[in-house]
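In what follows, a single structure is set out as structure tokens and then discussed.
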Number of protein chains: 2
Amino acid sequence: MDDFLIEIEYAGLHSRIKRLSDALLYSTRDFYKSEGLDIEPNWNLVFLLLQKQGTMTITEISEKLQFSHPAVVKIINKMKKKGYIDTQTDEEDSRKQLLSLSQKALDKLPVFEMYWEAGIKTTKDLLDDSPDFVEQLKNIEEKLNRENYKERTLRNLTNK
Amino acid sequence: MDDFLIEIEYAGLHSRIKRLSDALLYSTRDFYKSEGLDIEPNWNLVFLLLQKQGTMTITEISEKLQFSHPAVVKIINKMKKKGYIDTQTDEEDSRKQLLSLSQKALDKLPVFEMYWEAGIKTTKDLLDDSPDFVEQLKNIEEKLNRENYKERTLRNLTNK
DNA sequence: TACATTTGCGTAACCAGTTACATATTTTAC
DNA sequence: GTAAAATATGTAACTGGTTACGCAAATGTA
């Protein structure tokens with residue numbers, strides 16, 4: 001090989017994870033574009049959520065995905081612009097925007113699902129000789145939920 | 001729990017990897033800031049490279065890290081602004097900028113290394129009950145190097 | 001030797017996330 | 001019933017990556 005980030009072992013791990021994440025993201029976007037699909041990465045998450053729940057607010061979605069709410073606002077605004085999302089203000093709480101899938105979204109869903117399925121198939125293929133990856137990723141997520149990287153590292157510093 | 005991205009299994013994996021990558025990145029930045037360190041994530045990679053190689057060009061660094069060259073330009077410009085990088089133009093090829101660590105960088109290195117070591121310790125702790133994670137990450141990287149996500153997914157689409 | 005190609009690097013525009021701040025509305029507490 | 005606190009959402013500014021484009025210098029080739 002000759003991949004410096006791998007060479008330096010633990011010192012390169014964060015950057016490798018970012019590199020992987022970016023590669024998947026850009027490649028997914030490229031995939032949708034090359035197939036002429038009017039969707040973007042992450043929209044599948046919103047489709048899935050709204051399909052399941054019917055109607056949700058920005059805050060509910062951001063909690064479910066564990067994204068910041070401005071991130072969700074951005075995603076939803078784009079989806080609205082493409083006509084996939086209907087909104088109405090909650091009658092009992094006028095601050096809340098009730099979001100749901102538009103008719104156009106429902107119509108296109110079967111086609112989108114075909115493409116998303118192909119992506120899932122790819123993900124499974126990528127993992128088929130790494131049977132513990134997902135589980136061990138979950139270990140890491142849980143540890144970081146209990147105590148984040150900064151706190152842990154401060155602790156490691158003072159315990160030198 | 002109640003983490004939707006985990007619930008939906010393979011459909012949420014890319015976003016989980018991004019979420020993890022972001023969490024590490026932001027937490028690292030926060031860590032440096034809270035300790036009053038004048039450094040940013042990724043700079044350790046440049047320090048390591050230049051320490052090992054003495055002098056490198058933008059292009060060489062971008063190849064080593066497998067980052068795009070504009071990404072490296074941005075990192076180096078920031079490091080220059082803080083006085084950590086000396087540059088001189090190559091006498092044989094005036095397009096090339098020869099980059100090296102400044103005296104200030106060399107002076108501060110021992111302190112920085114102490115902090116980076118604490119980070120590596122954290123990373124090891126995060127992985128200590130996930131002994132296969134790094135190796136299986138490498139499997140994935142290698143697969144994607146051979147054929148990227150888009151190509152794989154196009155193939156999975158037509159082979160339905 | 002001159003012209004076409006390649007290379008190095010800088011800049012602009014984009015992208016998907018973040019934090020910080022603002023505002024309007026609702027809820028709580030006295 | 002009103003003031004204070006909390007909540008929902010929007011917006012601005014930042015970050016760290018990308019691709020696309022441009023230009024100057026070097027290299028290859030007829």
Side-chain angles (χ1 to χ4, degrees), chain A residues 5 14-30 32-34 39-46 56-63 65-80 85 87-99 148-150, chain B residues 5 14-30 32-34 39-46 56-63 65-80 85 87-99 148-150:
Chain A
L5 295 188
H14 298 188
S15 299
R16 284 166 69 188
I17 292 171
K18 168 115 175 89
R19 214 168 52 177
L20 172 61
S21 163
D22 283 344
L24 292 171
L25 183 68
Y26 300 142
S27 209
T28 299
R29 215 164 48 196
D30 195 12
Y32 291 149
K33 201 171 176 184
S34 77
I39 49 177
E40 294 182 21
N42 279 334
W43 291 13
N44 60 329
L45 304 174
V46 176
M56 293 181 81
T57 67
I58 296 280
T59 305
E60 283 163 2
I61 294 176
S62 73
E63 278 164 1
L65 299 182
Q66 297 180 24
F67 286 9
S68 69
H69 85 267
V72 176
V73 170
K74 283 184 192 180
I75 293 168
I76 294 295
N77 280 342
K78 282 196 200 172
M79 293 181 70
K80 269 190 206 164
I85 297 283
T87 60
Q88 73 187 109
T89 23
D90 187 333
E91 298 197 338
E92 278 151 30
D93 184 341
S94 70
R95 293 170 307 176
K96 292 187 187 173
Q97 292 296 309
L98 303 180
L99 308 172
N148 73 26
Y149 180 83
K150 177 193 172 187
Chain B
L5 294 189
H14 298 188
S15 299
R16 284 168 67 188
I17 293 171
K18 168 116 175 87
R19 214 169 50 176
L20 171 62
S21 164
D22 284 345
L24 293 172
L25 184 67
Y26 301 142
S27 210
T28 300
R29 213 164 51 196
D30 196 11
Y32 292 149
K33 202 170 175 184
S34 77
I39 49 176
E40 294 182 19
N42 278 337
W43 291 13
N44 60 328
L45 305 174
V46 176
M56 293 182 81
T57 67
I58 296 280
T59 305
E60 282 164 1
I61 294 175
S62 73
E63 280 164 359
L65 299 182
Q66 296 181 25
F67 285 11
S68 69
H69 86 266
V72 177
V73 169
K74 284 185 191 179
I75 294 169
I76 293 295
N77 280 342
K78 282 195 199 170
M79 293 181 72
K80 268 189 206 166
I85 296 283
T87 59
Q88 72 188 107
T89 24
D90 187 334
E91 298 199 339
E92 277 150 29
D93 183 342
S94 70
R95 294 171 307 177
K96 291 185 184 172
Q97 290 296 311
L98 303 179
L99 308 172
N148 73 28
Y149 181 82
K150 177 193 173 188

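Below, chains carry the letters A, B, ... as their sequence lines are ordered, and counting in each starts from 1.
One atom, CD of A/E60, and another, C1' of D/dT9, lie 13 Å apart when rounded to the nearest Å. Spacing between atom CG of A/N77 and atom P of D/dG10 amounts to 7 Å, rounded to whole angstrom units. Here the C1' atom of nucleotide D/dT19 and the CG atom of A/D30 are 11 Å apart, to the nearest Å. In this structure, the NE2 atom of B/H69 is 14 Å from the P atom of D/dG22, given to the nearest Å.
A search for side-chain contact (heavy atoms from CB on, under 4.5 Å) contacts involving A/T87 returns A/K80, A/I85, A/Q97, A/L99, not counting sequence neighbours. Looking at residues two or more places apart in sequence or on another chain, you find no side-chain hydrogen bond (donor to acceptor under 3.5 Å, both in side chains) involving B/R29.
You'll find the side chain of A/T57 reaches within 4.5 Å of the side chain of A/E60, heavy atoms only. Considering only heavy atoms from C-beta on, A/S15 stays 4.5 Å or farther from B/L65 through its side chain. Side-chain contact between B/I76 and B/I61 is present, with heavy atoms from C-beta onward closer than 4.5 Å. At least one side-chain heavy atom of A/N77 sits under 4.5 Å from a side-chain heavy atom of A/V73. Side-chain contact check for A/I75 versus A/F67: some heavy-atom pair is nearer than 4.5 Å. The side-chain heavy atoms of A/H14 and B/T28, taken from C-beta on, include a pair separated by under 4.5 Å.
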Quiz: residues 20-27 of chain A side-chain donor-acceptor pairs under 3.5 angstrom, not counting sequence neighbours:
residue: A/D22; atom: OD1; partner: A/K18; partner atom: NZ; Å: 3.2
residue: A/D22; atom: OD2; partner: A/K18; partner atom: NZ; Å: 3.1
residue: A/S27; atom: OG; partner: B/K150; partner atom: N; Å: 2.9

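Taken to the nearest 0.5 Å, the CD atom of B/E40 stands 9.5 Å off from the CE atom of B/M79.
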Extract from the structure each pairing of a protein N or O with an N or O of nucleotides 15-17 of chain D at less than 3.5 Å, listing the distance.
residue: D/dT15; atom: O3'; partner: B/R29; partner atom: NH1; Å: 2.7
residue: D/dG16; atom: OP2; partner: B/E40; partner atom: OE1; Å: 3.4
residue: D/dG16; atom: OP2; partner: B/K78; partner atom: NZ; Å: 2.5
residue: D/dG17; atom: OP1; partner: B/N42; partner atom: ND2; Å: 2.4
residue: D/dG17; atom: OP2; partner: B/N42; partner atom: ND2; Å: 2.9
residue: D/dG17; atom: N7; partner: B/K74; partner atom: NZ; Å: 3.2
residue: D/dG17; atom: O6; partner: B/K74; partner atom: NZ; Å: 2.5

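Using a 4.0 Å cut-off on heavy atoms, the residues of residues 89-98 of chain B that approach DNA chain D are B/E92, B/D93, B/S94, B/R95, listed by number.
For DNA chain C, the contact window with chain B, defined by any atom under 4.0 Å from a protein heavy atom, covers C/dT7 to C/dT18 in 5' to 3' order.
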